[in-house]
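Reviewing the structure listed below.
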Amino acid sequence: MIDLHMHTSCSDGQFMPEETIRMAWEAGVTTAAVTDHDTTAGVAVAEKAAKHYGLQLFSGIEISTQGAAELHMLGYGIDPDDPKLLAFCRDFQVQRKARAVRMVAYLEQCGAPVTLEEVRQCNDGRCSGRPHFARTLVEKGFADSVQDAFARYLTTPEFYAHVERQKPLPENAIAVIRHAGGVAVLAHPYLLYLEQSQLDVLLTKLQASGLQGIEAYYSRHTPAQTQCYLRLAKQHGLIVTCGSDFHGPAVKPDIAIGTGICGNLCVESREIPEALSKKIAIARKTRGETAKF
Ligand code: AMP
Ligand code: FE
Ligand code: FE
Ligand code: ZN
């Protein structure tokens, strides 16, 4: 089984990178990628664990960008120590910390007061992302579930207008991924809520900046959506990837590693890692050169 989208405790996942890889192996995953939000901190440990269990592992990252509420760019095969990528990520950490302070003020206004200390306590000393706040909101009785906390407070128009951090342009995220020797793939396209024709236009634009793939297989895609993204990939000459977006049951209780939601993922195709490996090999070779995809 192939799962190229999972989060660890280095971002907002529940489990450490080595635990996540062990769980992937136990679930029957043979090819994996750890794709933490805006950090490569878990890649080295994940690589060690993958070697131990005999799993094929791609290095990875998921970068949140502007352009839509959730336009996320996956980067595969990146050098996790690339100085430009690390500087890019450091900037994100600063933005996240500042956003966390705004979130406290915003939630107080919403009548759901939480403190940074409470968020930390609820999340093993970590408090960087919205899922951490969501768990605290549930713990304090301000929401029924993580999903409910997102719907009520963390994906509202007010949140996006006044609280959300400044995010890079997708083109910049692609450039940084390519600079680090990686391949850029558009994550969970359904979250863009675009008509097929609009997505078509966006893909053309992003491809001109170096986008090379689309995450057609994803836990929350309907079969019709998957078919639509496979068609678009073919038309555009993009590779397709497959990811569960596993975070652990405390964060996304319905998503299982490798298998997705009630077994809707379970992708076995060897073509996916083979095509990705080929693109990564070219990306590594042409690293530093521009406009050569
Ligand atoms: P952040 O990077 O801190 O803004 O948080 C992004 C995380 O929040 C990602 O893991 C998303 O999958 C998660 N997320 C975004 N929207 C929702 C939602 N409606 N329900 C649950 N999780 C969400
Ligand atoms: Fe996440
Ligand atoms: Fe995402
Ligand atoms: Zn993700």
Side-chain angles (χ1 to χ4, degrees), residues 2-17 20 24 29 32-43 46 58-76 78 89 92-93 95-96 99-100 103 119 123-124 126-138 145-147 149-151 154-155 159-160 164-165 167-168 170 173-174 177 182 184-194 206 211 213-221 225 229 241-258 260-261 265:
I2 298 156
D3 190 345
L4 301 177
H5 190 157
M6 48 184 86
H7 295 266
T8 78
S9 55
C10 289
S11 62
D12 57 358
Q14 191 179 345
F15 305 105
M16 293 187 294
T20 310
V29 172
V34 159
T35 53
D36 275 310
H37 297 287
D38 313 326
T39 179
T40 55
V43 169
F58 292 103
S59 62
I61 191 166
E62 183 178 21
I63 300 175
S64 310
T65 72
Q66 48 175 286
E70 309 291 339
L71 200 170
H72 296 177
M73 203 55 71
L74 293 160
Y76 292 112
I78 37 130
C89 292
F92 284 130
Q93 304 310 330
Q95 296 271 4
R96 269 182 191 283
R99 184 187 68 171
M103 279 169 86
V119 180
N123 294 283
D124 308 328
R126 294 175 289 127
C127 96
S128 63
R130 278 182 290 166
H132 302 122
F133 277 81
R135 280 166 81 174
T136 311
L137 287 163
V138 174
S145 64
V146 164
Q147 196 61 41
F150 267 90
L154 306 176
T155 52
F159 174 86
Y160 286 118
E164 184 55 310
R165 64 203 161 100
K167 290 180 286 191
I174 293 170
I177 289 167
V185 174
L186 180 67
H188 42 60
Y190 92 104
L191 267 182
L192 300 172
Y193 298 104
L194 295 177
L206 296 180
L211 181 79
I214 181 168
E215 191 178 41
Y217 298 101
Y218 182 75
S219 297
R220 296 206 199 282
H221 287 166
Q225 283 171 331
Y229 305 139
T241 65
C242 154
S244 67
D245 213 353
F246 174 79
H247 282 65
V251 186
K252 295 196 178 184
D254 52 338
I255 296 181
I257 208 160
I261 299 172
L265 211 55

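Just so you know, ligand 1 is whichever comes first in the structure, and atom 1 is the first atom listed for that ligand.
Annotation: side chain of Phe92 is not in contact with side chain of Thr39 (no heavy-atom distance under 4.5 Å). Inter-residue side-chain proximity for Leu4 and Glu215 is flagged as unmet; no heavy-atom pair is nearer than 4.5 Å. Under the 4.5 Å side-chain criterion, counting only non-hydrogen atoms from C-beta, Pro168 is not in contact with Ser64. Between Leu211 and Met73 the shortest side-chain heavy-atom distance falls below 4.5 Å. In this structure, Gln225 and Arg220 have side chains that are not in contact, with every pair of non-hydrogen atoms separated by 4.5 Å or more. Within the 4.5 Å cutoff, the side chain of Leu265 has no heavy atoms near those of the Ile2 side chain.
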Practice problem: Take Arg99 and Glu164, measure what side-chain contact (heavy atoms from CB on, under 4.5 Å) needs, and give me the verdict at the end. | Solution: CA-CA 7 Å; Arg99 184 187 68 171; Glu164 184 55 310; 2.8 Å; yes
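Partners of Ser244 under the side chain to side chain donor-acceptor pair (under 3.5 Å) rule, at least two apart in sequence or in another chain, are Asp3. Scored by the side chain to side chain donor-acceptor pair (under 3.5 Å) test, His72 finds Glu62, Glu70, His188 as partners (sequence neighbours excluded).
Note on ring orientation: taking the six-membered ring where Trp is involved, the planes of His221 and Tyr190 are perpendicular (angle over 60°, cut-offs 30° and 60°).
Below the 2.8 Å limit, the Zn ion (ligand 4) has as protein N, O or S neighbours His5 NE2, His7 NE2, Glu62 OE1, Asp245 OD1. Around the Fe ion (ligand 2), the protein contributes the following N, O or S atoms at distances under 2.8 Å: Asp12 OD1, Asp12 OD2, His37 NE2, His247 NE2.
With respect to the Fe ion (ligand 3), His72 has ND1 as its nearest N, O or S atom. When the N, O or S atoms of His188 are ranked by distance to the Fe ion (ligand 3), NE2 comes first.
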